[in-house]
Amino acid sequence: MSKVYDPDIIERKWQKNWEEAHCFEAESSHEKPKFYGLIEFPYPSGQGLHVGHPRSNTAMDIIARKRRMEGYNVLFPIGWDAFGLPTENYAIKNHVHPAGVTEKNINHFREQLKRIGFSFDWSREVNTTDPKYFRWTQWIFLQLYKKGLAYKMEMPVNWCPSCKCGLANEEVVAGKCERCGTEVVRRVKSQWMLKITAYAQQLLDGLDDVDFIEKVKVQQRNWIGRSEGAEVDFAIKDSDVKLRVYTTRPDTLFGATYMVVAPEHAAVDRLRDRIENWDEVVAYRDAAAKKSDFERTELVKEKTGVELRGIKAIDPVNEKEIPVFVADYVLSTYGTGAIMAVPAHDTRDWEFAKKFNLPIIEVVAGGEDVQKEAFTDVATGTLVNSGFLNGLSVQEAKKTITDWLTERGIGEKKVNFKLRDWVFSRQRYWGEPIPLVNCEKCGWVPVPENELPVLLPEVDNYEPTDSGESPLSKMTDWVNTTCPCCGGPAKRETDTMPQWAGSSWYFLRYADPHNDKALADYDELKYWMPVDWYNGGMEHTTLHLLYSRFWNLFLHDIGAIPNQEAYQKRTSHGMILGANGEKMSKSRGNVINPDETIAEIGADAFRMYEMFMGAFDQAIPWSTEGARGCRRFLERVWRLMDMVTETEEIRHEAEVATNAMIKKVSEDYERMKFNTAIAAMMSYVNEIYGIGSISRGELRMLLLCLNPVSPHITEEMWEMCGFGEPIYRQKWPVWDENKLVADEVEIAVQIRGKVRGRIMVPNGLTREDGEKLLQNEKVKALVGGAEVKKIIFVPGRLLNIVC
RNA sequence: GCUGAUGUGGUGGAAUGGCAGACACAGGGGACUUAAAAUCCCCCGGCCCUAAACCGUGCGGGUUCGAGUCCCGCCAUCAGCACCA
């Protein structure tokens, strides 16, 4: 054996070969069955590739390579989610243009990804900042606008004082900016909104038909937050004002002992003249308005509130007069912004009632003393103290009372969602301009579709402003335009779209990335969509994954695309942590640089370690030693070439091991059990070393199985051994189900469930053959003449004797 | 508080209710070598000189011929949501 294993040379050689052969490009013909595998396209940050990227990429690369060998027409694309704040901030700091920074970063990322040997179809690259791309992002926005699903509204938004930008609800984590961690404040602004709530039910229902890992479905369901209940009108005594509440427990209507409205509720103003303690109410309202959402929820554990003195509401079921409070534990943004409080059966109302000494009336029996604790279980319990509802179960009472309210016109069944509309404006430069102009006469007018894209103006200074105005607003030449409708003077919208815009439809563009007539050709979409398998991070579950499903549903509704759901299958990878078990970060000094690792052990070993380090869906700390172990294994595979025999077939002595390996690897790749698939190949190589030689047929099988994980070394060895056409043209190996077990197998012998010995038995015995094994000398000795009461024989596993 | 996940050697982790610790990392020993590195082989949960036996999958119960796995009750850690009426 002369040639040494030099990954750097081999890997570059094959990367060049693949590029020239165009072997990983999707075929334009639609004859073969298709497979569309997708990873989340990266944000090309200045830091370059992180070791987390290759974890997702390698996993999907393995699947893509296997699918090609299985005869599928595979689409495995890559692109750049390139609008966004870090690039803009970097550009501001260094007085350069974000477009230039973006291009530089993309070039760096592309080089890094190519160096790892992913089988991406590079001919279909997309870039969200490319006008040819965002022309269609703007087009989609206009369709949303035309259907009334994009609207501008004055409203309190989550404002990040550091990013100087409004945020979507989904971007606020524990009251802080998801990106920079600064505490978010409330600020009233006029914002573009997307009516994702119009799709709440469809987004929920669609989850039933797709193959997403369960925790993703659960998180999306929780975020959408559907609840069923009723709206009920409460009259205000001696007035024609009605307070409408939303409740999920209309059955407890007889137990309502007071009401609460949110501080922002309009009824407070309407009742002003009758409120005796108006000053106190106003003071409370002002204090609440100043608090951020964070303070209103997280910090304030103790409930606060002020009674509206002089005001009484009337419970419609029993005509009882009850007090009305204003309190910030009731949110203006959910339901009707007003509630009926049933302290006996709601923990929040209970706390409030205790503090303000309000009566607690039990209306559902079955719990403990409601004076000591609220009883909230809806599955058990019977209605009491509730007039015509007495004796009913909670479920029955809900239906009865809802019908009763509906008949009298004082209430009705109602479904509510926690999901809020999507705040879509950003007051920053580096994003897609919103393609609308505001005309004094005509109001908001869309830019005609044939004038898209609306390009970003070249500016010298695009720093964000403290006033909350977009930096674009200072560009008067750009802002001042003419109205497409009346030709009069008009102003362009100066807010831009959020980063989530471009990523909400990129998977559609991959089907037909160079189309300038439509976002993608309908027939191409019909062939390629939906995405068959999408792997990505859990952090996008309530952001990108929800937004893009929304856009896809919408585009389907307007007939632009053929499929309803964007993704058939969604899986998720675990995070890679630093060697100390903490999240990788510069400040912790535990960041692993992929370039350095590849320089040391090669891309093949790097890829293998990323897959071998642990269960794919779990967070795993990085181990440099472990990574070196994978390099050692590849060296061991390389040296198999010194042990090759002339035999083309799989030899009898290696038959079981080879078939078992192919089966294990094939099945484990599909289940994303990459670590055990690799372990199976390691075991196989250990076994071959034990035999001392490997036949050509056996080596072929090993190289085919290993190729998706470590494609370069396997192609090189394949070529060196003269196995013919490159592996990317080969078929995925099949195993022989009849050759998975040896003629004779060792099984455990248990006495009353404890292992007492092992015996060799012929393969192929059935459960009924257990009886015969009692004749075995070893078994006889173990039983020692005791009376055998029961025999359990599990073929290939064990014999358990109860005596 | 709610929802979900996890808990196994020194470490990362394996294990359709069927021989716990596969495969690796670290560690130890041996072979080869003048030597080192590399490589190859062996050992590697605890108790024990060794072996047998015994004990061992967060804790306490249970079901079963047999439980890391299933059921009941706890504890701990992580993640997401969080006054959603």
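What you are looking at is a predicted structure, and each value in this text was computed from that prediction instead of being measured. A, B, ... follow the sequence lines: proteins, then strands. Residue 1 opens every chain.
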Review point. Does A:Y329 reach the main-chain N or O of A:G305 with its side chain, forming a donor-acceptor pair under 3.5 Å?
Key: no
Span that lies between the [atom1] atom of [M] and that of [N], in whole angstrom:
N      : M      : atom1 : result
B:rU16 : B:rU69 : P     : 13 Å
B:rC44 : B:rA24 : P     : 15 Å
B:rU57 : B:rC2  : P     : 29 Å
B:rU64 : B:rC71 : P     : 16 Å
B:rA15 : B:rU8  : C1'   : 11 Å
B:rG66 : B:rA14 : P     : 28 Å
B:rA76 : B:rA67 : P     : 28 Å
B:rC54 : B:rG58 : C1'   : 22 Å

May I ask you to say what [X] touches in the nucleic acid, namely base, sugar-phosphate or nothing, with a heavy-atom cut-off under 4.0 Å?
X      : answer
A:V794 : base
A:E214 : nothing
A:I620 : sugar-phosphate
A:N675 : sugar-phosphate
A:A615 : sugar-phosphate
A:N222 : sugar-phosphate
A:G225 : nothing
A:Y689 : sugar-phosphate
A:E635 : nothing
A:N416 : nothing
A:R756 : sugar-phosphate

Exercise for review: Check whether more than 12 heavy atoms from other residues, nucleotides or ligands sit under 6.0 Å from atom CD of A:E373, and answer yes or no.
Suggested key: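 No, because the 6.0 Å sphere around CD of A:E373 holds 12 heavy atoms or fewer from other groups.
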Check your understanding: When you look at CD of A:E744, are more than 12 heavy atoms from neighbouring residues, nucleotides or ligands closer to it than 6.0 Å?
Key ->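 For A:E744, atom CD is crowded (more than 12 foreign heavy atoms under 6.0 Å).
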Look at the side chain of [X] and decide which nucleotide, out of [options], has an atom nearest to it.
X      : options                : result
A:T676 : B:rG4, B:rA22, B:rC65  : B:rA22
A:E625 : B:rC25, B:rA85, B:rC81 : B:rC25
A:I792 : B:rA15, B:rG80, B:rC65 : B:rC65
A:L798 : B:rG18, B:rU6, B:rC81  : B:rG18
A:Q750 : B:rG18, B:rC41, B:rU3  : B:rG18
A:A679 : B:rC23, B:rC65, B:rG80 : B:rC23

Practice item. Assess the pair A:F356 and A:Y258: is the distance between their ring centroids shorter than 6.0 Å? Key: no
Point to revise | Pair A:F633 + A:F612: ring centers closer than 6.0 Å | key: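 So the answer is no for these two rings.
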Study note, to complete from the structure: A correct dot-bracket answer for RNA chain B, with pairs being Watson-Crick or G-U at under 3.5 Å, [ ] for crossing pairs and | for inter-strand pairs, is (((((((..(((.....[....))).(((((.......))))).((.......))..(((((..]....))))))))))))....
So does [X] get a side-chain nitrogen or oxygen closer than 4.0 Å to the phosphate oxygens (OP1/OP2) of [N]?
X      : N      : value
A:N686 : B:rA22 : no
A:S227 : B:rA85 : yes
A:R639 : B:rA38 : no
A:R632 : B:rC25 : yes

Check your understanding: More 5' along RNA chain B: A:F633 or A:A338, using each one's nearest nucleotide?
Key ->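 The residue mapped nearer the 5' terminus is A:F633.
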Exercise for review: Between A:R797 and A:G690, just flag the one whose closest nucleotide in RNA chain B comes earlier from the 5' side.
Suggested key: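 By nearest-heavy-atom nucleotide position, the 5'-most residue is A:R797.
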Starting at atom [atom1] of [X], determine the distance to atom [atom2] of [N], rounded to an integer number of angstrom.
X      : N      : atom1 : atom2 : value
A:R752 : B:rC54 : CZ    : P     : 11 Å
A:I691 : B:rC40 : CD1   : P     : 16 Å
A:E582 : B:rC78 : CD    : P     : 12 Å
A:L543 : B:rC81 : CG    : P     : 9 Å
A:I751 : B:rC54 : CD1   : C1'   : 18 Å
A:N800 : B:rG17 : CG    : C1'   : 13 Å
A:R628 : B:rU11 : CZ    : C1'   : 16 Å
A:Y684 : B:rC23 : OH    : C1'   : 17 Å

Review point. Roughly how far, to the nearest 0.5 Å, is CD1 of A:I801 from CG of A:L773?
Key: 8.5 Å
Exercise for review: Before giving the answer on side-chain contact (heavy atoms from CB on, under 4.5 Å), spell out for A:I620 and A:R55 the whole-Å C-alpha distance, their side-chain angles and the decisive distance to 0.1 Å.
Suggested key: CA-CA 11 Å; A:I620 305 289; A:R55 191 158 166 80; 4.0 Å; yes
Point to revise | salt bridge (Lys or Arg N to Asp or Glu O under 4.0 Å) evaluation trace for A:K355 with A:E351 | key: CA-CA 6 Å; A:K355 185 169 171 187; A:E351 277 172 41; over 6 Å; no
Check your understanding: With distance as the sole criterion, do the side chain of A:K303 and the base of B:rC83 form a donor-acceptor contact below 3.5 Å?
Key ->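 It does, because a donor-acceptor pair links the side chain of A:K303 to the base of B:rC83 below 3.5 Å.
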**Study point:** Side-chain ion pair, A:E667 and A:K663, N-O less than 4.0 Å
**Key:**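 Salt bridge: yes.
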Practice item. Could you classify B:rG56 for me, syn or anti, using a glycosidic angle within 90° of 0 as syn? Key: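 For B:rG56, whose glycosidic angle is more than 90° from 0, the conformation is anti.
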Exercise for review: Evaluate side-chain contact (heavy atoms from CB on, under 4.5 Å) for A:T624 paired with A:Y609, printing each intermediate quantity in order.
Suggested key: CA-CA 9 Å; A:T624 302; A:Y609 180 62; over 6 Å; no
Practice item. Would you please test A:Y684 and A:K664 for side-chain contact (heavy atoms from CB on, under 4.5 Å) and show each step? Key: CA-CA 11 Å; A:Y684 182 70; A:K664 179 81 179 151; over 6 Å; no
